[in-house]
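Worksheet for the structure shown next.
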Amino acid sequence: MTKSSPVGAASAGADVVLRRPSRLVTWLRNALPVTVAFLVFVGLWQLGITIFKPQPFIVPGPLNVLQAFQEQGASLWESTLITLRATAVAFGLSAVLGAAVSFLLTSIPILYKAVFPLTVVFQSVPVIVFVPLLLTWFGIGMPSIIAVAVIISIFPIIANTAIGLRSTDASLKQLFQLYGANSWQSLFKLRLPAALPYFFAGLRIAAGASVIGVVVGEYMAGMASTKGGLGFLVVETASRLQMAQLAAAGLCAAILGISFFLLVGYVGNLFLKNWHESAREER
Amino acid sequence: MGSPFVISAKDVYKRFPDGTLALEGVALAVQPGEFVSLVGPSGCGKSTLLRILAGLEDITSGEAKVEGYAPGSPQARQEMAFVFQEPTLLPWRSVLHNVALPLELRGVSSAQRLDRAREVLDLVGLGARAGAFPGALSGGMKMRVSIARALITRPKIMLMDEPFGALDEMTRQRLNDELLSLKQATGSTVVFVTHNMFEAVYLSQRIVVMTPHPGRIAEVLEVPVAYPRTSEFRASETYGKLVYRVLNVLEGDAAKRVSVHSEVKA
Ligand SMILES: Nc1ncnc2c1ncn2[C@@H]1O[C@H](COP(=O)(O)OP(=O)(O)OP(=O)(O)O)[C@@H](O)[C@H]1O
Ligand SMILES: [Mg+2]
């Protein structure tokens with residue numbers, strides 16, 4: 001093949017077409033609509049408050065929430081850190097346990113048939129059912145909180161990774177067979193890498209779920225802690241009808257969840273940058 | 001041993017568990033260095049026969065041998081490469097590491113296999129794309145990577161299952177030429193599946209025409225034209241006659257089916 005072949009010419013043309021606008025412009029283009037929508041929402045909210053003037057403990061306004069952030073900033077920050085720490089531990093546990101369980105399930109077909117449906121049932125049981133049980137095992141406090149979060153966040157990891165481990169391309173398997181690959185080679189050079197995008201998809205869902213899990217856990221199982229996370233703050237502020245502070249705590253939890261989700265997505269994209277469709281930038 | 005044939009199949013029957021009779025009494029003998037095509041309509045058992053030779057499918061009855069060994073045995077596979085209809089590349093590996101995979105699986109050292117991978121990539125004209133990932137290549141380029149990967153073990157036998165089926169005509173013809181010159185250079189034996197009779201005539205020394213339901217060999221045609229072949233060959237009378245002959249065999253078979261069918265209906 002020479003440089004002047006039709007293929008060469010076509011790919012040179014493609015480079016020109018693919019030259020994208022700068023990153024900042026792309027980012028602005030993606031972020032602008034949601035930012036505007038958010039500002040409009042907040043504006044309407046404040047407008048409603050100004051017109052109808054409800055009591056702040058019934059419907060707090062954006063300015064009340066802002067004020068709560070100003071006054072309670074230190075305790076919000078502290079609670080957020082506590083929740084963050086618990087989330088990190090719960091997420092790590094879910095990732096490791098989830099990967100191990102799905103690997104075990106998919107490696108032994110009979111186990112998969114027998115146990116996988118049970119994990120679905122397990123996942124459908126409302127988590128509050130487990131709380132009394134967890135409390136008797138671990139007592140009130142951090143271990144129970146983390147257990148609640150793991151229960152909530154481990155399932156998407158198990159389900160996704162199991163699908164990934166089971167859907168290795170048949171032709172690729174045959175390719176490995178044709179070249180006499182042993183089972184270690186097939187595992188490390190084919191099955192595990194092929195499942196990686198699925199694992200990361202599971203992690204991404206689990207990232208958001210583990211923040212929710214920790215907050216719910218704190219709400220239900222962390223009541224006696226002297227220093228509490230955001231869930232604890234929710235209980236406290238709600239009991240005192242401090243709705244603005246409640247909203248501030250909720251906002252902190254949301255920001256934490258989104259940041260964690262984005263972080264996990266970013267790390268996943270670093271891993272999958274070159275090859276998986278889901279990791280390609282939109283063009 | 002002692003047989004002059006690289007590949008031999010005698011009276012091969014293949015029935016799938018669902019009852020489909022995919023091959024009925026198929027016989028094939030391929031000489032060293034020969035280029036043989038299997039042509040026929042969809043479902044006539046071309047892939048099944050090729051997969052049997054690769055040891056990816058077992059035989060219901062009959063016998064097949066590759067270099068005198070049972071298909072699928074380590075000895076038979078040592079000398080063989082299989083090119084799938086799809087490029088079947090590992091998307092998480094660069095082109096270079098995809099091509100090096102067969103040697104990697106056989107335990108060849110990293111430096112050695114990567115050197116060799118660069119060599120075969122140059123052969124298929126993709127030396128400059130060694131660092132690219134499959135996702136960034138065109139269909140034709142991916143197919144060439146797949147062929148480079150097949151070449152890396154210096155196989156004596158190449159089994160190719162419609163490798164160019166998904167490509168446009170221009171690209172296909174260029175890859176046909178590349179394949180022929182590679183075959184000339186390496187002296188490999190090639191068994192090439194296609195449903196394209198033009199491609200079959202252009203490439204092969206022998207054409208095995210198959211018909212479906214059940215899969216049988218209807219006729220074997222020789223192409224009495226030496227390599228290298230150029231596009232002039234495509235304009236020659238021999239070429240036209242051979243294409244016409246293949247067409248005749250296949251159409252004759254199809255017509256027979258239609259008439260049998262209408263008699264049954266009447
Ligand atoms: N795993 C299988 N189980 C059951 N039947 C099968 C299986 N594989 C192939 N067949 C049947 O065997 C017959 C031959 O199939 P084969 O794939 O060899 O055809 P082919 O000539 O390669 O067709 P194509 O040109 O479409 O690839 C078909 O009728 C097909 O339905
Ligand atoms: Mg086929």
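The chains referred to below are lettered A, B, ... by the order of the sequence lines, with proteins before strands, and numbering in each begins at 1.
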A quick test of your reading: do over 12 heavy atoms of other residues, nucleotides or ligands sit less than 6.0 Å from [atom1] of [X]?
{"X": "B/Glu86", "atom1": "CD", "result": "no"}
{"X": "A/Phe41", "atom1": "CZ", "result": "no"}
{"X": "A/Ile110", "atom1": "CD1", "result": "no"}
{"X": "B/Phe198", "atom1": "CZ", "result": "no"}

Fill in the blank from the handout: Looking only at B/Leu103, B/Leu89, B/Thr88, most heavy-atom pairs under 4.5 Å shared with chain A are made by B/Thr88
Exercise for the section: Indicate the atoms forming the closest heavy-atom contact of A/Tyr179 with B/Met80, along with that distance. Expected result: CE2-O, 4.4 Å
Practice task
Name, in order of residue number, those residues of residues 45-59 of chain B that have a heavy atom at a distance of less than 4.5 Å from a heavy atom in chain A; otherwise write 'none'.
Solution key: B/Arg51, B/Ala54, B/Gly55, B/Leu56
Exercise for the section: Give me the contact list for residues 146-163 of chain B versus chain A, heavy atoms only, anything under 4.5 Å, ordered by residue number. Expected result: B/Arg149, B/Ala150, B/Thr153
Exercise for the section: Pick one of side chain, backbone, both or neither for B/Pro102, based on which atoms fall under 4.5 Å of a heavy atom in chain A. Expected result: both
Exercise for the section: Tell me, for B/Ala81 versus chain A, whether the close heavy atoms (under 4.5 Å) come from the side chain, the backbone, both or neither. Expected result: both
About how many Å separate [atom2] of [Y] and [atom1] of [X], when rounded to the nearest 0.5 Å?
{"X": "A/Asn182", "Y": "B/Leu105", "atom1": "CG", "atom2": "CG", "answer": "8.0 Å"}
{"X": "B/Glu104", "Y": "A/Gln185", "atom1": "CD", "atom2": "CD", "answer": "7.5 Å"}
{"X": "B/Trp92", "Y": "A/Leu196", "atom1": "CH2", "atom2": "CG", "answer": "9.5 Å"}
{"X": "B/Phe84", "Y": "A/Leu172", "atom1": "CZ", "atom2": "CG", "answer": "8.0 Å"}

Completion exercise
Residues at least two apart in sequence or cross-chain that pass ring pair (Phe, Tyr, Trp, His ring centres under 6.0 Å) with A/Phe155, listed by chain then number, are none
Exercise for the section: Compare all side-chain heavy atoms of B/Leu90 with those of A/Lys189 and state whether any distance is below 4.5 angstrom. Expected result: no
Could you pull out all donor-acceptor pairs under 3.5 Å where a side-chain atom in residues 99-106 of chain A meets a protein atom, sequence neighbours excluded?
unit_1, atom_1, unit_2, atom_2, d
A/Ser102, OG, A/Gly98, O, 2.9
A/Ser102, OG, A/Ala99, O, 3.0
A/Thr106, OG1, A/Ser102, O, 2.8
A/Thr106, OG1, A/Phe103, O, 3.2
A/Thr106, OG1, A/Arg191, NH2, 3.1

